Amino acid sequence: MLIFGQVFTRVRAIPTGNLRYLDFLAPGILAQSALFVAIFSAMTIIWERDLGIVHKFLASPTPRVSLVLGKALSAGVRSLVQVGIVYLITWILGVNLNFNPLALLGVLIVVLLGAACFPCFRSR
């Protein structure tokens, strides 16, 4: 956002109307960072399955649902940290975002659910 946002603001290659390019770019970076955390969380599940760690978890008396929910919620909470960092950077750069508490709550819920759902996909 710091590099590409400044460059494309000056180039005017992408028509954004009356919207500044940084304002246009910030929500995409927010979604991309949350998806990146979710992808790596899903990859750790695959690695743990390949190493046999998942079989050891399944042998424990812990319910399977709580194992899946634990992985999903950990990805969601990690992505919320990323959201906080992105919002802090956008605030420092002066990006015009909607800082209404209800809008922020909606963003947090969507990011939490989106990042938590991705690691729940299984590949066979």
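Note that the structure is predicted; figures quoted are calculated from it, not measured.
Side-chain contacts under 4.5 Å among hydrophobic residues (ILVMFWY), followed directly or transitively, place V65 together with L69. Using a 4.5 Å cut-off between side-chain heavy atoms of Ile, Leu, Val, Met, Phe, Trp and Tyr, L113 falls into a hydrophobic cluster with L105, I109. In the hydrophobic clustering, where aliphatic and aromatic side chains (Ile, Leu, Val, Met, Phe, Trp, Tyr) are joined below 4.5 Å either directly or transitively, L67 groups with L51, I53, V54, F57, L58.
One hydrophobic cluster, built from ILVMFWY side chains closer than 4.5 Å, cannot hold both V110 and V107; they sit in different ones. Grouping the Ile, Leu, Val, Met, Phe, Trp and Tyr side chains by contacts below 4.5 angstrom, directly or via other members, places L93 with L104. Under the 4.5 Å side-chain heavy-atom criterion for Ile, Leu, Val, Met, Phe, Trp and Tyr, V77 and V111 are members of distinct hydrophobic clusters. Both V86 and F99 sit in one connected hydrophobic cluster of ILVMFWY residues. Membership requires side-chain heavy atoms under 4.5 Å apart, directly or through other members.
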Taking it one step at a time, do M43 and I39 satisfy side chain to side chain contact (heavy atoms under 4.5 Å, CB included)?
-> CA-CA 6 Å; M43 287 178 60; I39 287 171; 4.1 Å; yes
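N96 places no side-chain N or O within donor-acceptor distance of the main-chain N or O of D23, the cut-off being under 3.5 Å.
For the salt bridge (charged side-chain N to carboxylate O under 4.0 Å, His left out) condition, the pairs that include at least one residue of residues 67-88, sequence neighbours left out, are E48-K71.
Scored by the side-chain contact (heavy atoms from CB on, under 4.5 Å) test, L108 finds L80, V83 as partners (sequence neighbours excluded).
Between A75 and S41, the shortest heavy-atom distance links the atoms CB-OG, 3.4 Å.
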Table please: side-chain donor-acceptor pairs of residues 31-38 below 3.5 Å, with sequence neighbours left out.
unit_1, atom_1, unit_2, atom_2, d
S33, OG, I29, O, 3.3
S33, OG, L30, O, 2.9

